[in-house]
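Encoded as structure tokens, the structure appears first; notes follow it.
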Protein chains: 2
Amino acid sequence: MITRVESAAATRRALLDAAAGLLDEGGPEAVTLREVGARAGVSRGAPYRHFADKDDLLTAIAARAWNSLADQAVTLGADPDMSTRGKVRAMLAGMLATGRERPHLYRLMHRPPAGPEVLQAAGRSQGPFIAALRDLVGDAQAHRFGAVLLSGAHGAISMEASGQLTRDKWKTDADEILDTLVGLLPAG
Amino acid sequence: MITRVESAAATRRALLDAAAGLLDEGGPEAVTLREVGARAGVSRGAPYRHFADKDDLLTAIAARAWNSLADQAVTLGADPDMSTRGKVRAMLAGMLATGRERPHLYRLMHRPPAGPEVLQAAGRSQGPFIAALRDLVGDAQAHRFGAVLLSGAHGAISMEASGQLTRDKWKTDADEILDTLVGLLPAG
DNA sequence: GGCCTTCAGGTGACATTGTCAACTTTGTAA
DNA sequence: TTACAAAGTTGACAATGTCACCTGAAGGCC
């Protein structure tokens, strides 16, 4: 039997999925509450029963995406068959994959100002990242390295997405930049 | 005497200034063509005499900002009293200053997809940057280093703007990351 | 079982905004 | 002087976010 809260949760999920789909397909301007409602099988006013406003819906999408990356990172961190350096590389590769496969979502995840919901989810994804770096460079340097690696990775992904980082112009791409960044770490 | 083309150019400039001001003050949503027109002293339809649509106006703002950075970079590149490394650092600092003082504009400059107008202006700003790197690491490595430095700088600035890079969390800031990145270069 | 609260959902309405078509005005070239 | 082209204005319209109000049913309480 389907309880009321279950159906409400299902609608909420459907709204998020619909909005994320529209975002992927047509960018931010394609995300209209009317179309979101239609795709989720409800009316144009229904989203207001689950989100304060459009911005709140978009924020929830960003937070969910960060949490998905966080799950990936946690799984990678626990993998006993991978080198620590390999884990770091794989975590950054996960970000790159999101940037390439879902560029609009990736941009939304980095939209300022990041609210507490997004910051917490993003922070959760960075926990295993820092932990891996601690193994490689020690407590004192982990954050310093982490900031440089993460900045470099995000910058490369972002510039590739906007069309500013092309192989034609820079003789390289985001993959190679990630390799270079990870190469800064001592072997491990 | 004021010729017609002069007055048209003045209006165009006034529209750009008004839109850029609104962007700085209230972010992208504050930029409405009606308000832009009002600030520029013309009516709501006037912008269509100078720009194809709102997007075209925003693109022009981004291109102008890139050209301003390019002018800075050209000046720095020609400065005989600065070390090559100092020039590289100063060019990146110029980007950081834009990101901190005018975060909405900075984000607009990196909005995908970057049209040819923006790409050309951005490319102009990167010319002196690559030239400086050639002096430091040679032709073969200049682009590789350039991509890493630029990605790292842009990533740090972007994460700082979105609130993801805080000293509280990462024990560092964009300034220090720029220092670290420039530190990768051989002295010169 | 009957009643009542609560909440998901629907609908009408409204203000804002981007955009276009039609009109007016005014340098400027012929 | 006259005619043209381009700048600017205004009316209109569709799309959209949002709110107020209404409906209906699930589920707790007597």
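By convention in this document, chain letters (A, B, ...) are assigned in the order of the sequence lines, proteins followed by strands, and residues within each chain are numbered from 1.
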Sorted by first residue and then second, give each salt bridge (charged side-chain N to carboxylate O under 4.0 Å, His left out) pair with at least one member in residues 146-164 of chain A; sequence neighbours left out. Arg100(A)-Glu160(A)
Set of residues satisfying salt bridge (charged side-chain N to carboxylate O under 4.0 Å, His left out) with respect to Asp53(B), sequence neighbours excluded: none
Atom-pair distance (CZ on Phe51(A); C1' on dA8(C)), nearest Å: 13 Å
Name each donor-acceptor pair under 3.5 Å that joins a side chain in residues 73-81 of chain A to protein atoms two or more places apart or in another chain, with its distance.
unit_1, atom_1, unit_2, atom_2, d
Thr75(A), OG1, Asp71(A), O, 3.0
Asp79(A), OD1, Asp81(A), N, 2.7

Rounding to 10°, can you tell me the angle the first-five-pair axis of the helix from dG1(C)-dC30(D) to dA30(C)-dT1(D) makes with its last-five-pair axis? 0°
Footprint string (nucleotides 9-18 of chain D, 5' to 3'): B base within contact, S backbone only, - free, heavy atoms under 4.0 Å: BBBB---BBB
Looking only at side chains, do Ser158(A) and His110(A) share a donor and an acceptor under 3.5 Å apart? no
With side chain to side chain donor-acceptor pair (under 3.5 Å) as the rule and sequence neighbours excluded, what pairs involving residues 28-40 of chain A come up? Glu25(A)-Arg39(A)
Atom pairs and distances, side-chain donor-acceptor, residues 125-139 of chain B, under 3.5 Å, sequence neighbours left out:
unit_1, atom_1, unit_2, atom_2, d
Ser125(B), OG, Ala122(B), O, 2.8
Gln126(B), OE1, Lys169(A), NZ, 2.8

Tell me whether the OP1 or OP2 atom of dA7(D) has a side-chain N or O from Thr11(B) closer than 4.0 Å. no
Integer-rounded Å distance: dG18(C) P and Leu22(B) CG: 11 Å
Do any pairs count as a salt bridge (charged side-chain N to carboxylate O under 4.0 Å, His left out) and have a residue in residues 108-118 of chain A, sequence neighbours left out, and if so which ones? Asp55(A)-Arg111(A)
N/O (side chain, His50(A)) to phosphate O (OP1/OP2, dG9(C)) under 4.0 Å: yes
Run the side chain to side chain donor-acceptor pair (under 3.5 Å) test against Arg107(A) and tell me which residues pass, sequence neighbours left out. none
